[in-house]
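Letters A, B, ... mirror the listed sequences (proteins, then strands); counts begin at 1.
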Number of protein chains: 2
Amino acid sequence: MGQIKKTSTNYENRQILDSECDEIYAANLIGGRWTIAICCYLADGKLRFSQLRKRMPNITERMLTLHLRKMEANRLVKRTVYAEVPPRVEYELTESGQQLMPILDQLRSWGRKHKQKTQTYS
Amino acid sequence: MGQIKKTSTNYENRQILDSECDEIYAANLIGGRWTIAICCYLADGKLRFSQLRKRMPNITERMLTLHLRKMEANRLVKRTVYAEVPPRVEYELTESGQQLMPILDQLRSWGRKHKQKTQTYS
DNA sequence: TGTGGTACTAACAAAAATGTAAGTATGGGA
DNA sequence: TCCCATACTTACATTTTTGTTAGTACCACA
């Protein structure tokens, strides 16, 4: 998000890992602060910008916009604009986005187990 | 990595998402630049610090140290120090870390498919 | 004429992650 | 005595991500 400097070591390293490891590439696509949350809310169907915002009280409009734009560029979500006033914009998961859901389910159950374990031991 | 400020909105938002969504919690654990790569190299067994470094020519010692420390704190890897000179330190995946591997496999195949698709269409 | 709702954008600030360069302790061997 | 290897640490700089605040266009409706 924001500007990226294409001559930095940081950027280079990301490119290399992204191109060599498909799992890192995938992790980077879902890695933004709000990305997974948005996916989960869209899993049940289309939502308007304002509906997403209501479901995530802590996100700012700017962050929601940035994440949705990035997710659109990464083809995780599809954006549909209706020529109405006031404007109406709907977001929905692409097929790729939907195929991510079972993996997120597995991450969830791994995370739940792991959280319990670490809370027990520490 | 480095310092975190526990009174920032940024930190708060992460905490809220982490505690509410186990899949976001999990994603944050594997989200560092080099974390997944380290997991993959350790999947085949123990490795010393220097062996990891050789397998990842682009990582700096500082980044490798930070990631390993964070992964140790998050109980993804176990660190064993041998009282020798010169020092010998071995890293290996914990049980939790190993249980992550099938999920990384799925991420990899999703990522590969997704990469092909987006390259085809754009 | 003025207000309202929607989905944004822009300018800026703060925090977090990543990278650079140099230095540390240890004891064994030349 | 000096150099070597290992696994770090420290101080700093840069890049990236996230958050804050204040705006914008549009037209319907009162």
Query raised in the report: Looking at R62(A), does any N or O in its side chain come under 4.0 Å of the phosphate oxygens OP1/OP2 on dT20(D)?
Result: no

Report summary line: Numerically ordered, the residues 83-93 of chain A set in heavy-atom contact under 4.0 Å with DNA chain D is V85(A)

Query raised in the report: How many Å lie between CG on N28(A) and P on dT15(D), as a whole number?
Result: 19 Å

**Report entry** Between dT17(D) (P) and W34(A) (CH2): distance, integer Å
**Finding:** 16 Å

Query raised in the report: Between dG19(D) atom P and I16(B) atom CD1, what is the distance in whole Å?
Result: 10 Å

Requested in this report: Take atom CG of N13(A) and atom C1' of dT16(D), then tell me their distance rounded to the nearest Å.
Outcome: 14 Å

Query raised in the report: Separation of I4(A) atom CD1 from dT18(D) atom C1', in whole Å?
Result: 16 Å

Query - Sugar-phosphate, base or nothing in reach of S50(A), heavy atoms under 4.0 Å - result: sugar-phosphate

Report task. Starting at atom CG of L68(B), determine the distance to atom C1' of dC8(D), rounded to an integer number of angstrom. Result -> 11 Å

Query raised in the report: Can you tell me if R88(B) uses its side chain to pair, donor with acceptor, with the backbone of T80(B) under 3.5 Å?
Result: no

Report summary line: Interatomic distance, CG@L42(A) vs CG@L68(A), rounded to 0.5 Å, equals 7.5 Å

Report summary line: The first and last nucleotides of DNA chain C lying within contact of chain A, meaning any atom under 4.0 Å from one of its heavy atoms, run from dG5(C) to dT20(C)

Requested in this report: Mind checking the CG-CZ spacing from N28(A) to R33(B)? Nearest 0.5 Å is all I need.
Outcome: 7.0 Å

Query - 5′-ward residue of the pair K54(A)/K6(B) relative to DNA chain C - result: K54(A)

Report summary line: Between CG of L52(B) and P of dT6(D) the distance, given in whole Å, is 14 Å

**Report entry** Side-chain heavy-atom pair E92(B), V77(B) within 4.5 angstrom cut-off
**Finding:** no

Query raised in the report: So, does W110(B) use its side chain to make a donor-acceptor pair with the main chain of D22(A) at under 3.5 Å?
Result: no

Requested in this report: Establish, for the pair K5(B) and Y11(B), whether the NZ or CZ atom is under 6.0 angstrom from the six-membered ring centre and no further than 45 degrees off its axis.
Outcome: no

Report summary line: Assign each of T9(A) and T60(A) the nucleotide of DNA chain D bearing its closest heavy atom; nearer the 5' end lies the nucleotide of T9(A)

Query raised in the report: Any chance CD of E84(B) has more than 12 other-residue heavy atoms, nucleotides or ligands included, within less than 6.0 Å?
Result: yes

Report summary line: Contacts of K5(B) and M63(B) projected onto DNA chain C by closest heavy atom; the upstream (5') one is K5(B)

Requested in this report: Could you tell me the separation between the CG atom of N10(B) and the C1' atom of dG19(D), rounded to a whole number of Å?
Outcome: 8 Å

Requested in this report: May I ask you to check whether Y91(A) and R79(A) show a side-chain donor-acceptor distance below 3.5 Å?
Outcome: yes

Query raised in the report: Between dG19(D) and S8(B), is there an OP1 or OP2 to side-chain N/O distance shorter than 4.0 Å?
Result: no

Query - L29(B) CG to M71(B) CE distance, which is reported to the nearest 0.5 Å - result: 10.0 Å

